Amino acid sequence: MLTLVIDSICRGEGARVLAGLIRRFGDFDLAEDAMQDAFTKALEVWPEQGLPAAPAAWLTTVARRRAVDLLRRRRSGPLYMDEPPDLAAPAQGCGGDSDDGDGVDPADHSGVDDHRLRLLFTCCHPAIGQTAQMALALRTLCGLSTREIARAFLEPEATTAQRLVRVKKKILEAHIPYEVPAQDLLPQRLATVLGVIYLMFNEGYSTTEHDALVRPDLCAEAIRLAHLVVELMPDQPEARGLLALMLLNDARRPARVGDDGALVPLEAQDRSRWHADSIAQGLAQLDVALASRQRGPYQLQAAISALHASAARAEDTDWGQIAALYGGLLQEQPGAVVELNAAVALAMAEGPEQGLVWIDRLRESGALSGYHLLSAARADLLRRLGRHAEAGQAYDEALALVRNPAERLYLERRRAQCRVD
């Protein structure tokens with residue numbers, strides 16, 4: 001039980017400790033190593049001597065001392081601190097309410113009270129490319145693995161790893177300050193912050209590496225952060241659009257996995273299990289966002305989710321309107337994944353043949369090579385057309401790429417329905 005408590009504390013305080021270390025030493029890798037060593041030491045010491053009065057301050061002090069030790073080793077060989085710290089004693093002078101223990105509250109000039117959101121705005125520095133900003137934030141603050149981040153960007157894992165190495169090196173060599181931006185600078189970082197929250201939710205909604213389909217902790221944290229952004233910037237319609245999108249999608253979570261652990265597709269979900277309160281909140285946020293008449297991609301996606309949420313039965317879904325909204329989304333945010341979703345919507349609105357032609361063009365382009373949902377969507381349309389042999393081959397392609405067990409089980413069942421008589 002104590003181990004679970006320690007793990008919870010470390011997870012909850014990790015972003016705060018890490019940000020303080022990065023600000024103090026200017027080196028992401030050093031900060032991450034020192035923080036992990038502090039967590040390891042906590043697992044060794046706390047079960048024997050009890051939790052310190054201020055766990056975050058304890059972790060900060062131990063991590064700082066470890067970072068100094070690591071720096072000494074780098075510069076002069078295997079040296080150790082002359083006097084090892086008393087790891088059982090509570091940290092002194094660490095200012096538990098401060099992000100890094102310097103006694104200065106970074107919220108004073110940013111107006112952002114929540115430490116994780118504050119650090120997210122900090123990580124999204126305009127001096128580095130947006131994709132690199134997002135990857136760094138997802139790795140550092142959200143704790144996603146390199147593989148999970150690679151999946152979010154639909155790129156090889158090696159590419160993501162190289163991107164993270166390059167951006168950390170650039171920050172270190174260019175002396176880019178890791179500091180909380182002033183309040184008037186927050187809007188220029190908003191798009192990237194929203195992008196990070198969106199990708200965090202997506203990983204929680206359909207996980208890459210976990211046994212379960214959903215990680216409720218990531219979904220809940222993404223929604224919480226979006227709520228805070230809306231409170232901080234109530235006049236930003238895209239922030240409300242993102243919040244609406246996540247609330248509407250998360251409302252379906254209880255119905256997305258069957259008792260046997262298999263994914264349940266949208267058309268087969270028990271809609272009585274959807275969270276009515278979340279749907280109502282999402283629709284309300286979307287109404288406010290749309291009233292601004294400043295259309296954006298998150299609002300358009302939320303409008304699509306709203307049409308699904310408003311349909312009492314799957315057959316009542318207004319697929320024609322959804323297809324039209326995807327057309328607008330393609331204008332706002334062109335991309336292969338949006339095209340794939342638009343093709344599926346077209347198939348549902350006008351027939352599988354229309355959607356299949358579009359999907360085959362995408363397949364031939366190679367834009368979504370290695371993306372299992374392309375093969376899965378193609379297989380589904382072929383199945384609906386009664387072309388079972390081709391559908392079976394497409395399901396085999398999807399099964400060769402899928403990682404999540406819930407999705408795999410669903411695809412295996414669909415594959416079994418495509419046996420040729």
Side-chain angles (χ1 to χ4, degrees), residues 1-107 113-120 122-123 137-145 168 178 180 209-211 215-218 220-221 224-225:
M1 180 63 70
L2 182 58
T3 301
L4 293 177
V5 172
I6 294 172
D7 182 66
S8 177
I9 291 172
C10 290
R11 285 177 180 272
E13 300 296 340
R16 183 194 300 262
V17 174
L18 183 60
L21 293 169
I22 294 169
R23 274 199 299 274
R24 177 170 290 269
F25 297 99
D27 187 327
F28 276 81
D29 289 330
L30 175 72
E32 289 176 341
D33 290 343
M35 184 184 70
Q36 290 301 322
D37 287 348
F39 288 170
T40 299
K41 186 57 66 175
L43 288 169
E44 295 174 1
V45 173
W46 291 359
E48 295 180 1
Q49 302 185 18
L51 294 175
W58 189 100
L59 288 167
T60 297
T61 295
V62 173
R64 282 183 181 172
R65 293 173 180 174
R66 180 57 178 160
V68 170
D69 190 29
L70 289 171
L71 277 176
R72 287 176 175 172
R73 293 190 190 195
R74 287 183 183 180
R75 294 170 181 170
S76 12
L79 297 179
Y80 294 85
M81 289 180 288
D82 294 335
E83 183 178 349
D86 180 2
L87 296 176
Q92 300 296 321
C94 283
D97 293 332
S98 170
D99 255 19
D100 61 1
D102 289 332
V104 178
D105 185 357
D113 294 326
D114 181 81
H115 79 273
R116 187 176 291 272
L117 182 59
R118 190 161 63 240
L119 301 179
L120 183 50
T122 300
C123 213
L138 289 168
R139 183 73 183 90
T140 304
L141 299 181
C142 305
L144 298 192
S145 68
K168 291 176 183 178
Y178 189 81
V180 183
E209 300 180 320
H210 289 249
D211 291 336
R215 285 186 59 185
D217 59 325
L218 279 184
E221 180 64 3
R224 186 187 73 84
L225 290 171

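Keep in mind that what you see is a predicted model, and the values were worked out from it rather than measured.
- Annotation for V17 and M35: closest pair CG1-CG, 4.2 Å, computed over non-hydrogen atoms.
- For the residue pair P52 and P55, the shortest heavy atom distance occurs at O-CD, 3.6 Å.
- Between L144 and L218, some side-chain heavy-atom pair lies under the 4.5 Å cut-off.
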*Between D69 and R73, is a salt bridge (Lys or Arg N to Asp or Glu O under 4.0 Å) present by the stated rule, with each step listed?*
CA-CA 6 Å; D69 190 29; R73 293 190 190 195; 3.6 Å; yes
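- Across L21 and A34, no two heavy atoms sit closer than the pair CD1-CB, 4.4 Å.
- The distance from atom OG1 of T40 to atom CZ of R66, rounded to the nearest 0.5 Å, is 9.5 Å.
- Looking at every heavy atom in both residues, L30 comes nearest to A67 through CD1-O, 3.8 Å.
- The CG atom of L120 lies 8.5 Å from the CG atom of L138; values are rounded to the nearest 0.5 Å.
- E32 places a side-chain heavy atom less than 4.5 Å from the side chain of K168.
- A distance of 8.0 Å separates CZ in R118 from OG1 in T122, rounded to the nearest 0.5 Å.
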